[in-house]
Amino acid sequence: MADPRHTPLHADVAVIGAGVIGLGIAHEARRLGRSVALIDPTPASGASFAAAGMLAPVSELHYQEEDLLDLMLESSQLWPSFVDGLHRGSEDSGYRTTPTLAVGADAADRRALADLRSVQLAAGLGVEPLALRDARQREPLLSPQISCAFDIPADHQVDPRRLAACLLAGLAAHSPDDSSWVSGAEDGFAVASRAHGLLWEGGRVAGVELESGVYVLAGETVVANGLGASRLSGLPDGLSLPVRPVYGDILRLRVPDHLRPLVTSTIRGMVRGVPVYIVPRDDGTVVIGATQREDGLSASSNAVSAGGVYQLLRDAQVLVPAVAELELLEATARARPGTPDNAPLLGRVGASNADIEGLVIATGFFRHGVLLTPVAAKIVGELMVSGSADPRWVPFMPHRFESNAPVARALTPAGRTTTKETA
C-alpha cells in the first residue's frame with residue numbers, strides 16, 4: 001500500500017500531535033518497547049505552550065462532572081510515578097507538590113467558594129478553611145483585604161514547557177542501533193510534518209498519510225492533535241470529533257529580586273465572581289491566567305485580547321497588590337479543544353459491536369490536558385497491550401456523541417477509500 005513516489009516510514013506506533021498529551025502517549029509507548037513516529041511540525045507549541053500547568057483535580061471540580069472528576073483524581077495519583085519515569089537531562093519538569101491556596105476578594109466570592117467547598121466535600125475532596133492571619137503568614141504578599149482562604153493540599157503544579165522538553169529529550173535518548181529507532185525520522189522518532197489523514201487496509205487503520213504525501217505505516221495510530229483531529233481525512237465514516245476552540249489569554253511576568261518569592265503556592269482566586277490564578281515558577285517568574293472566550297477573536301491567529309490582559313492584571317493585583325511591580329515578559333493566547341460535555345474523547349472507536357483496529361483517539365482535553373497526561377498515556381498504553389481499558393473510562397469513548405455507529409474503511413490498490421462494515 002506504500003505510495004511509490006516516496007519511501008514510507010515504519011513504526012509500531014504513529015502519534016499525530018506533539019502537545020503534552022501526544023508526548024505523554026509517545027513516552028508510554030516507548031516505555032512499553034514500541035517504536036514511535038511522532039508527527040507534528042512544531043511540537044508543544046499549541047495549548048501546551050500556553051498552559052499554566054495546574055494539577056488541580058479538587059479546584060477544577062465542576063457541577064455534573066463526576067465522571068471527569070474520577071479521571072482527574074486517577075491522573076493526579078499517577079503524577080509522581082510519571083515524573084519519576086521522565087528523562088533526566090539538563091532540566092527537570094518543574095513538578096511541584098506545594099499546595100494550592102484558594103482565596104476570595106469580597107463577601108460574594110467568599111460565599112461562592114464556600115458553596116463550592118460543600119460540593120468538594122460531598123465528593124470526598126479535601127478543602128480546609130484557613131484563618132486570614134494564617135493565610136497571610138504563609139503568603140505575606142497576599143492583600144490584607146481578601147475575604148477568605150482555603151487550603152487545597154492535593155492540588156499541585158508542573159511547568160508544561162519544561163515537561164515537554166523532558167519528554168522530547170527522553171524520546172531522543174536512543175540510537176540507530178535500538179529497536180525503537182524509526183528510520184527516516186529525525187532523532188529516530190520526530191516527523192516534522194502535518195498529518196493529512198488516516199490510511200486504511202483491510203478495515204483497520206494502518207498508519208498516516210502526511211501532507212507531503214509520505215506514508216507512515218504503523219500498527220497503532222493515535223490521533224492526539226487537538227483541534228486538528230476533526231480535520232483529518234480518512235476518519236471512520238459516521239464519526240465526527242466535536243471539538244471547538246476555547247481561547248484563553250495568559251501572562252508571564254518576572255518577579256524582581258526584592259519581591260521573591262512573590263508567592264510560594266499556586267493562588268486560585270475569585271474576584272467579583274471571576275476566577276484568576278497566579279502560579280509561581282522556579283525561575284523567578286509567575287504565570288497569571290486565564291481568560292476563557294469563544295468569541296472568535298483569535299479564529300485565524302493566536303491574537304491576545306487587550307481586555308483579557310487588563311482583566312488578568314487588574315484581578316491579580318486585587319489578590320496580590322505587588323503584581324503591579326512585576327515585569328511583563330509575555331502575553332500569550334492559545335485555543336484549547338473543548339467538547340460538548342467538556343470531557344476528553346479518549347479510547348478506541350466502536351463500530352458494529354467491535355472496535356476499529358489500529359486507531360485510538362485522544363483529543364478534546366480542554367482545560368485539563370496537562371493534568372490528564374499520565375492517565376491518558378496509561379489508558380492508551382493499556383489499549384496497545386491488551387486491547388481493552390478500564391471500564392470506568394467508557395464515558396469518554398470518542399464516539400459517544402454519535403447516533404449511528406461509525407464504519408471502517410478499506411484501502412483500494414489505487415489508494416482510494418471505500419467504506420466497509422466491521423464485524
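A distance-only check finds no donor-acceptor pair linking the side chain of D355 to the backbone of E357 [under 3.5 Å]. A donor-acceptor pair is defined here as one N or O able to donate and one able to accept, closer than 3.5 Å; such a pair exists between the side chain of S35 and the backbone of D12. Distance alone, capped at 3.5 Å, places no donor-acceptor pair between the S48 side chain and the G19 backbone. D187 contributes no side-chain N or O that, together with a main-chain N or O of A172, makes up a donor-acceptor pair within less than 3.5 Å. Judged purely by atom type and a 3.5 angstrom limit, D67 has no side-chain atom pairing as donor or acceptor with the backbone of P395. H399 places no side-chain N or O within 3.5 Å of a backbone atom of M397 that could act as its donor or acceptor partner. The backbone N or O of L78 sits less than 3.5 Å from a side-chain atom of S81, completing a donor-acceptor pair. Listed for the R30 side chain is no donor-acceptor partner under 3.5 Å among the backbone atoms of V36. A donor-acceptor pair under 3.5 Å is absent between the side-chain atoms of D249 and the main chain of T291, judged by distance alone. Checked by atom type and distance alone, the side chain of Q120 pairs as donor or acceptor with a backbone atom of V58 at under 3.5 Å.
Partners of S240 according to the side chain to side chain donor-acceptor pair (under 3.5 Å) rule, which considers only residues two or more places apart in sequence or in another chain, are E402. By the side chain to side chain contact (heavy atoms under 4.5 Å, CB included) test, L259 is found to be paired with L141, V255, P256, A322, E325, L326, residues two or more places apart in sequence or in another chain being considered. Every side chain to side chain contact (heavy atoms under 4.5 Å, CB included) that S76 has, sequence neighbours left out, goes to P57, L371.
Inspection of the S180 and D178 side chains reveals no N or O donor paired with an N or O acceptor under 3.5 Å. Side-chain contact, E139 with T264: a donor N or O sits under 3.5 Å from an acceptor N or O. No side-chain donor from either of D106 and S147 sits under 3.5 Å from a side-chain acceptor of the other. No donor-acceptor contact under 3.5 angstrom links the side chains of Q145 and S143, judged on distance only.
Crowding of E211 atom CD: a count of heavy atoms from other residues, nucleotides or ligands under 6.0 Å exceeding 12. Around CD of E330, the count of heavy atoms belonging to other residues, nucleotides or ligands within 6.0 Å exceeds 12. No more than 12 heavy atoms of other residues, nucleotides or ligands sit less than 6.0 Å from atom CZ of R133. Residue-environment remark: CZ (R194) stays at or below the threshold of 12 foreign heavy atoms within 6.0 Å.
Put simply, the side chain of V320 reaches to within 4.5 Å of the side chain of L142, judged on heavy atoms. Using a 4.5 Å heavy-atom threshold, the side chains of T100 and M54 count as separate. Side-chain contact check for I379 versus D390: every heavy-atom pair is 4.5 Å or farther apart. H196 is listed as a side-chain neighbour of S233, based on a closest heavy-atom distance under 4.5 Å.
The two atoms that bring C166 and L86 nearest to each other are CB-CD1, 4.4 Å, heavy atoms only. Taking each heavy atom of P153 and P99 in turn, the nearest pair found is CA-CB, 3.6 Å. Heavy-atom minimum distance, A26 versus L38: CB-CD1, 4.3 Å. Looking at every heavy atom in both residues, V243 comes nearest to G226 through CG2-O, 4.1 Å. V191 and A37 get closest at one heavy-atom pair: CG2-CB, 4.1 Å. A pairwise comparison of heavy atoms in F82 and G24 identifies CZ-CA, 4.4 Å as the closest pair.
Geometric assessment of R244 against the ring of F366 yields a positive cation-pi assignment under the 6.0 Å and 45° thresholds. With F49 as the aromatic partner, R161 meets the cation-pi criteria of under 6.0 angstrom to the ring centre and within 45 degrees of the ring axis.
Comment: R272 does not engage D109 in a salt bridge, judged by the lack of any side-chain N to carboxylate O separation of less than 4.0 angstrom. Look at D155 and R268 and you find no salt bridge, because none of the NZ, NE, NH1 or NH2 atoms lies under 4.0 Å from a carboxylate O. Salt-bridge check for K378 with E74: passed, with a basic side-chain N closer than 4.0 Å to an acidic carboxylate O. A salt bridge between R367 and E65 is present, with a side-chain N of the basic residue lying under 4.0 Å from a carboxylate O of the acidic one.
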Please step through side chain to side chain contact (heavy atoms under 4.5 Å, CB included) for the pair F365 and V370, ending with a clear verdict. CA-CA 9 Å; F365 286 82; V370 178; over 6 Å; no
Walk me through whether F189 and V182 qualify under side chain to side chain contact (heavy atoms under 4.5 Å, CB included). CA-CA 6 Å; F189 78 95; V182 176; 5.5 Å; no
Taking it one step at a time, do D92 and R162 satisfy side chain to side chain contact (heavy atoms under 4.5 Å, CB included)? CA-CA 7 Å; D92 63 20; R162 292 170 65 177; 2.5 Å; yes
After noting the C-alpha distance and the side-chain angles of R117 and F150, does the key distance pass the side chain to side chain contact (heavy atoms under 4.5 Å, CB included) rule? CA-CA 9 Å; R117 178 174 181 259; F150 296 91; 3.6 Å; yes
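One distance of note links CG of L199 with CG of L210; it measures 8.5 Å at 0.5 Å rounding. L125 CG to L69 CG: the interatomic distance, rounded to the nearest 0.5 Å, is 5.5 Å. From E209, atom CD reaches atom CG of L232 across 11.0 Å, with rounding to the nearest 0.5 Å. Note: L346 CG to W393 CH2 = 9.5 Å, rounded to the nearest 0.5 Å.
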